[in-house]
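Chain letters run A, B, ... following the sequence lines, proteins first, then strands; residues in each count from 1.
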Amino acid sequence: MSESLKVSIYGATSAIAQAVARRYAARGARFFLAGRSPEHLERVAGDLAVRGAAAVATHAGDLAEAAGDAALQAAEAAAHGVPDVLLVAFGTLGEQQRDEQDPARAAATLETNLVAPVRLLLPAAAAMERRGSGRLVVISSVAGERGRRSNHLYGAAKGGLSIFLAGLRDRLAPAGVAVVDVRPGFVDTPMTRDFRKGPLWASPERVADDIVAAADAGRAVVYTPWFWRWIMLVIRNLPAAVMRRLNL
Amino acid sequence: MVERDGRDLAWGRAHPGGQEVLRPAWLEEAAALAADPDPLPRLGHGAGRSYGDEALSDGGRLIETTALDRFVAFDPATGRLTCEAGVLLHDILRQVRRWRGAEGGWWFPPVLPGTRFVTLGGAIANDVHGKNHHRRGTFGEHVVSLTLARSDGSLATCSAEQNPELFRATIGGLGLTGLILEATLQLMPAPGLWLECEEIPMADLAGFFALAEESEADWEYTAAWVDCRASGRALGRGVFGRARPLPGGEAPAPPELPRLAVPLAPPVSPLNRLTLGAFNALYGRRPGLGRGRLRRLPYHRQLFPLDAVGGWNRLYGRAGFYQYQCVVPPPTARATIAALLGAVAAAGEGSFLAVLKTFGARAPAGLLSFPMPGATLALDFPNRGAKTLALLDRLDALVLEAGGRVYFAKDGRQGAEAFRRSYPLWQEFRRWIDPRFASALSRRLELTP
Ligand SMILES: Cc1cc2nc3c(=O)[nH]c(=O)nc-3n(C[C@H](O)[C@H](O)[C@H](O)COP(=O)(O)OP(=O)(O)OC[C@H]3O[C@@H](n4cnc5c(N)ncnc54)[C@H](O)[C@@H]3O)c2cc1C
Ligand SMILES: NC(=O)c1ccc[n+]([C@@H]2O[C@H](COP(=O)([O-])OP(=O)(O)OC[C@H]3O[C@@H](n4cnc5c(N)ncnc54)[C@H](OP(=O)(O)O)[C@@H]3O)[C@@H](O)[C@H]2O)c1
């Protein structure tokens, strides 16, 4: 029997991450799950075990806090060493209008969605580079493609993250390590609980199908669902005056 | 509001309700919603596969459980499975292939309704039955224990040993005793995942009852389709289907719900008397029928034929439809079924799907469990307003007269008096209703204010 795929997930209690993890569990993967709430991590771990995971280890801690990095990395090394797939899924939407008045909160949005992923990706990338294989799968967002009045703090962080991933991809390509930049549109998850849903909205399951397929293929950038590639093509090219009037 | 985010809240789509729908992601959020100090009425809501108004709350709040879909534990030695209440039977079936039992078989859900897209919580709240009631009874008989969140903030573990009365009230309890958070199910060993299936034409009702009796001992699953257009001596003409597991084989996992089969309800339903006639004529004459002509099918093809078309309920058009399912006890079962089919034929309201099966003699698992020994008939009627309701009232009269009752997973219009007459334990049940839980159905049946 072939050895189980080793999957690490940072932000494993996210709805999208859980849906992705279930797909890997069906393949008999081994997991290292990091997240903030120990109770929720246990629920997710139990679920994956029943769904066919070969092993599940968890580590609870605030991923935005650099002070926790060493403990996280030690726990991951103890669980399964360098993973075959690392999914980075944690994130916070922030509240644009409130955070505009509160620079400390604005900074926290950048910290959680940009600084922390970069901080955690650097050592993981180096380890995969040394080994000469692996996949870094990172959830960015279509929000990072153009600054919009309604969410440009979050968007700045995700945009910065995508820029980082593009460079990292080129750095790691010679070593055979893939970097997958996942750009979901609207997904019905706890993060977007208070939004009115419409036809553009997708389920975490649908997005997870796309993420796993893109990870398998080692694709560079994946829009999910697919039609966001075309929506964003339009949005990126809207003249500034139109963009301002649209008030998106 | 009949739908939310494009999903139907009630399968029949004939009952608008004005309700807020919240979808907690974790059990403690769900428990907190159950215990919300705001006095507004609340109700658990699963996959919205019940037809009538029992999963709706007029002016209250639905606590939708579909994000509470985590497995908690499975023990391959005993076949016991613990899940959060929003796990679909479909999710369980997707795992079954990996769950090998002790004697080379598989652990399999003992009771499966005609669709696999129902939640565990919904299956318990209606104490659902499958095509094998004569062998396995209802879903509730296989529930080992459950955790119930009540509006007073308490969490009650319920089983035959702990809180046994609340347990019996919650099984088939229409969601009114509190919010089920988690449950443990006893799976049954199945020798294989393919079924051996046989479909035998029946000439009339006598043919149905003879086949049902003959099949009881050796066939796990039985159900008959009845051609509603037949009358007179041909009344009850149709096809009797039976199936049993074949030892040994691993079947393909059932497919996911087809994504966009019927996205919008057409303004005028394509299901009318003409298509109904054509459908029934074709169904009754399709090839492969006959005693001894055995077919081998993966279980999901035999048990969930309707699940092949996502959103088929929308074919009934914007006004929706009613399903009427009743059970009538043995002494007069045959005569009453004949009278019911006669009334339908006389009204010229042929039903697209008319399904007839028998229930075995089992002690009911819940206080309001629907099944009783006898024959059960299920009919679908497009909603034509007063005309349809009048027909259903006539059917009610026949059923009550015979000592039978209707199924609340399907019904959306019977009154309190008929309910009291046909569910004798209703007063005992009422003691266990959580004072802050209510549904459109519970108000209609005067179970809650
Ligand atoms: C095509 C089709 C075929 C069917 N065939 C059969 C059949 O063969 N046999 C049969 O018995 N039924 C059958 N049904 C009916 C179906 O099995 C039941 O209506 C079932 O209860 C639906 O489950 P749900 O998850 O959709 O629950 P919903 O319809 O959302 O809710 C049903 C009830 O359960 C309650 N409820 C849901 N979740 C919880 C919870 N967590 N805690 C407390 N209460 C809760 C609700 O308040 C409501 O009263 C069929 C339905 C369809 C659409
Ligand atoms: N939903 C969408 O429409 C959408 C669209 C585009 C991109 N995305 C991105 O998709 C990813 C997953 O989000 P989701 O939609 O699945 O929402 P979600 O279920 O709310 O997941 C977000 C997760 O991030 C975790 N998290 C936030 N801050 C953390 C911290 N400091 N330390 C540890 N964990 C932290 C949260 O944990 P707690 O529960 O403990 O807070 C939560 O599990 C995010 O990166 C998000 O930006 C989402």
Side-chain angles (χ1 to χ4, degrees), chain A residues 1 11-19 21-23 25-29 33 35-54 56 58 186-210 212 225-227, chain B residues 1 3-7 20-31 33 64 66-76 79-88 90-100 107 117 120 147 181-182 184-185 187 253 255-260 263-264:
Chain A
M1 231 187 83
T13 57
S14 117
I16 296 175
Q18 287 181 69
R22 288 174 178 184
R23 280 149 182 77
R27 301 184 185 176
L33 309 178
R36 190 150 47 182
S37 154
E39 294 80 19
H40 292 174
L41 282 171
E42 279 321 303
R43 301 296 300 182
V44 176
D47 179 55
L48 296 177
V50 176
R51 289 176 190 268
V56 191
T58 62
F186 298 137
V187 194
D188 187 359
T189 71
M191 180 177 277
T192 51
R193 183 170 278 161
D194 298 331
F195 290 58
R196 252 226 319 263
K197 313 292 191 295
L200 290 179
W201 287 75
S203 68
E205 289 73 29
R206 173 148 190 211
V207 167
D209 282 339
D210 288 345
V212 172
W226 60 270
F227 49 78
Chain B
M1 170 166 84
E3 45 183 82
R4 174 199 178 239
D5 301 344
R7 218 172 61 68
E20 174 188 32
V21 185
L22 296 181
R23 189 163 172 260
W26 304 96
L27 293 189
E28 75 273 9
E29 290 171 10
L33 289 175
E64 193 198 298
T66 51
L68 307 173
D69 64 346
R70 282 167 283 261
F71 290 105
V72 180
F74 175 67
D75 181 350
R80 287 203 174 177
L81 172 69
T82 305
C83 314
E84 294 180 357
V87 164
L88 298 174
H90 169 75
D91 299 331
I92 297 175
L93 291 170
R94 296 271 297 180
Q95 301 302 321
V96 157
R97 288 199 305 169
R98 293 191 301 102
W99 292 348
R100 302 307 303 264
W107 289 110
F117 296 104
L120 184 60
T147 312
L181 296 181
E182 232 179 57
T184 299
L185 203 59
L187 302 183
E256 298 295 347
L257 186 66
R259 232 174 234 161
L260 266 180
L264 294 171

Non-hydrogen atoms of chain B under 4.5 Å away: do they reach the side chain of Thr189(A), the backbone, both or neither?
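Answer is neither: Thr189(A) stays 4.5 Å or more from chain B.
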
Counting only non-hydrogen atoms closer than 4.5 Å, does Arg22(A) touch chain B with its backbone (N, CA, C, O), its side chain (CB onward), both, or neither?
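Arg22(A) touches chain B through side-chain heavy atoms alone.
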
Any residue of residues 66-75 of chain B which, by heavy atoms, sits under 4.5 Å from chain A
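Residues of residues 66-75 of chain B touching chain A at under 4.5 Å: Asp69(B), Arg70(B), Phe71(B), Val72(B), Ala73(B), Phe74(B).
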
With Thr58(A), which residues qualify under side chain to side chain donor-acceptor pair (under 3.5 Å), at least two apart?
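If we apply the side chain to side chain donor-acceptor pair (under 3.5 Å) test to Thr58(A), skipping adjacent residues, the hits are Glu42(A).
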
Taking every heavy-atom pair that is under 4.5 Å apart, which of Arg196(A), His40(A), Arg51(A) has the most such pairs with chain B?
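Going by pairs under 4.5 Å, I would pick His40(A).
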
Per-residue contact mode, Leu22(B) against chain A (heavy atom under 4.5 angstrom)
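The answer is neither part of Leu22(B).
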
Go through the structure and list residues passing side-chain contact (heavy atoms from CB on, under 4.5 Å) with Arg100(B), not counting sequence neighbours.
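In terms of side-chain contact (heavy atoms from CB on, under 4.5 Å), with neighbours along the sequence ignored, Arg100(B) is linked to Trp106(B).
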
Under the side-chain contact (heavy atoms from CB on, under 4.5 Å) test, residues paired with Glu256(B) that sit two or more places apart:
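Checked Glu256(B) against side-chain contact (heavy atoms from CB on, under 4.5 Å); matches are His90(B), Arg94(B).
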
For the backbone of Val50(A) and the side chain of Arg98(B), can you confirm whether one donor and one acceptor N or O come within less than 3.5 Å of each other?
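Yes; at least one donor-acceptor contact below 3.5 Å.
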
I need the Trp26(B) CH2 to Arg43(A) CZ distance, nearest 0.5 Å.
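Those atoms lie 8.5 Å apart.
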
